[in-house]
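One structure below.
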Amino acid sequence: MEGIQNPINRTVEEVFSDFKGRRAGLLKALTSDGQKFYLQCDPDKENLCLYGLPNETWEVNLPVDEVPPELPEPALGINFARNGMPEKDWITLVAVHSDSWLISVAFYFGARFGFGKNERKRLFQMINDLPTIFELITGNAKQSKDQSANHNSSRSKSSGVKPRQSESHTKASKMSPPPREDDESVDEEEDDDEQGAVCGACGENYDDFWICCDACEKWFHGKCVKITPAKAEHIKHYKCPTCSTNKKMRA
C-alpha cells in the first residue's frame with residue numbers, strides 16, 4: 001500500500017487484512033510483549049508512538065518527519081504518561097488510542113482507494129465484528145457483544161452513566177486553574193482564574209487546559225507537559241516531569 005501519487009487500487013478485503021495485521025501487532029505489544037513495550041516507553045525520551053505493522057508486529061518509535069505524514073499518526077507522547085498513572089490504566093489508555101488509530105488508518109486507505117458508500121459500510125461492518133483492543137485488554141469483549149445483541153439494555157447503559165459523571169466532576173476540579181480570592185461575579189472570577197494561574201513549566205498564565213501535579217501541587221499547561229484532556233481523564237494521580245524524575249533519583 002505504498003506510493004502516494006499513483007496508488008494501486010485495493011479491495012475492502014485487502015484493507016481489512018491490513019487492519020487485522022496492525023491490530024494483531026498492537027495486541028502483542030499490550031499483552032504478551034507488555035513488559036518489553038513498557039520498558040521501551042521511557043518517559044525520559046522524546047515523544048514516542050506505538051505503531052502496529054501489517055505483518056502483525058509492533059514498534060515504538062518517534063513520529064515520522066514527513067508533513068503531512070503518509071499515514072495517520074498514532075497518539076504522540078505515550079511514554080510521558082507511563083509513570084503518571086497505574087500501569088494497568090496506562091495500558092488501557094494506549095489501547096483506546098490504538099483502536100482510534102486503527103480506524104483512522106483503515107478509512108484513510110478507504111478514501112485513498114476510492115471506496116464508495118457500500119464499500120465503506122462493508123469495511124466498517126468487518127471491523128466492527130472484531131472486538132476492540134480496549135475490550136480485549138479490559139476483558140469486556142464478551143460483555144460488549146451481549147449488549148450489542150440486546151437492544152433493550154438502555155437501563156444498564158443509563159445506570160452506568162452516573163459514576164462517569166461524578167468522575168468527570170472530580171477531574172474538572174483537578175484540571176481547572178487554581179482559584180483566586182475575589183468577591184466579584186462568577187464571570188469575573190473565571191476571568192481572574194485564567195489570568196492569575198501560572199504554569200509551573202513555562203511561567204505563563206492563561207491557557208485552555210491545565211493539570212495539577214498531585215505531588216508538588218503546581219499547575220501546568222497540558223501542552224507543556226504533553227498531557228491532553230483525553231489523557232487526563234484516565235490519570236488518577238498525576239505527577240509532573242520534575243516529580244517523576246525526583247522519584248526515580250530517590251529510588
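Any value given below was found using the heavy atoms of this structure, including those in side chains, with hydrogens, waters and symmetry copies removed.
Here the closest heavy-atom approach between residue N47 and residue P63 is recorded as O-CD, 3.4 Å. The two atoms that bring A106 and I127 nearest to each other are CB-CD1, 3.9 Å, heavy atoms only. F115 and L123 get closest at one heavy-atom pair: CE2-CD2, 4.3 Å. When all heavy atoms of A95 and I133 are compared, the closest pair comes out as CB-CG2, 3.8 Å. In terms of heavy-atom proximity, A215 sits nearest to C243 at CB-SG, 3.7 Å. Across all non-hydrogen atoms, the minimal contact from P54 to R22 is CG-NH2, 3.6 Å.
Note that the CG atom of L30 and the CD1 atom of I91 stand 5.0 Å from one another [nearest 0.5 Å]. Note that CG of D33 and CH2 of W58 are 5.5 Å apart. Values are rounded to the nearest 0.5 Å. Summarising the geometry, atom OH belonging to Y238 is positioned 6.5 Å from atom SG belonging to C213; distances are rounded to the nearest 0.5 Å. Taking CE of M85 as the reference point, atom NE2 of H234 lies at 8.0 Å (rounded to 0.5 Å). Atom CZ of F80 sits about 9.0 Å away from atom CG of D44, to the nearest 0.5 Å. Between the CD atom of E87 and the CZ atom of R82 there is a distance of 8.5 Å, given to the nearest 0.5 Å.
When the shell of 6.0 Å around CD of E46 is examined, it contains 12 or fewer heavy atoms from other residues, nucleotides or ligands. Within 6.0 Å of CZ on F124 lie no more than 12 heavy atoms contributed by other residues, nucleotides or ligands.
Using a 4.5 Å cut-off on side-chain heavy atoms (C-beta onward), C41 and I78 make contact. Counting heavy atoms from C-beta on, the side chains of K20 and L130 come closer than 4.5 Å. Proximity of V12 to M126: side-chain heavy atoms (C-beta onward) are separated by under 4.5 Å at one or more points.
Listed by chain and number, the residues in a ring pair (Phe, Tyr, Trp, His ring centres under 6.0 Å) with Y38 are W90 (sequence neighbours excluded). Applying the salt bridge (charged side-chain N to carboxylate O under 4.0 Å, His left out) test to E13 and every residue at least two apart in sequence or in another chain returns R122.
The backbone N or O of L53 lies less than 3.5 Å from no partner atom in the side chain of T57, so there is not a single donor-acceptor pair. The backbone N or O of K239 sits nowhere less than 3.5 Å from a side-chain atom of D214 that would complete a donor-acceptor pair. Under the 3.5 Å distance criterion, the side-chain polar atoms of N79 are matched with a main-chain donor or acceptor of K45.
Following chains of ILVMFWY side-chain contacts shorter than 4.5 Å, one cannot reach I137 starting from V96, and the two form parts of different hydrophobic clusters. There is no path of hydrophobic side-chain contacts, each under 4.5 Å, that joins L76 to F209. There is no path of hydrophobic side-chain contacts, each under 4.5 Å, that joins F134 to L27.
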Derivation of the side chain to side chain contact (heavy atoms under 4.5 Å, CB included) call for D18 and R10: CA-CA 11 Å; D18 180 273; R10 304 289 180 175; over 6 Å; no
Tell me, with the steps shown, if F37 and V94 meet side chain to side chain contact (heavy atoms under 4.5 Å, CB included). CA-CA 11 Å; F37 167 64; V94 176; 4.1 Å; yes
For the pair L136 and R23, evaluate side chain to side chain contact (heavy atoms under 4.5 Å, CB included) and give the outcome as yes or no after the intermediate values. CA-CA 11 Å; L136 292 172; R23 175 178 173 273; 3.4 Å; yes
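Judged as a side chain to side chain donor-acceptor pair (under 3.5 Å), not a single pair has a partner in residues 92-105 (not counting sequence neighbours).
In this structure, F19 and F16 have parallel ring planes: the angle between them is below the 30° cut-off, well short of the 60° mark.
Looking at C224, C216, C212 one by one, the single match for side-chain contact (heavy atoms from CB on, under 4.5 Å) with C240 turns out to be C216. Put simply, the residue from N61, V60, L48 that forms a side-chain contact (heavy atoms from CB on, under 4.5 Å) with Q40 is V60.
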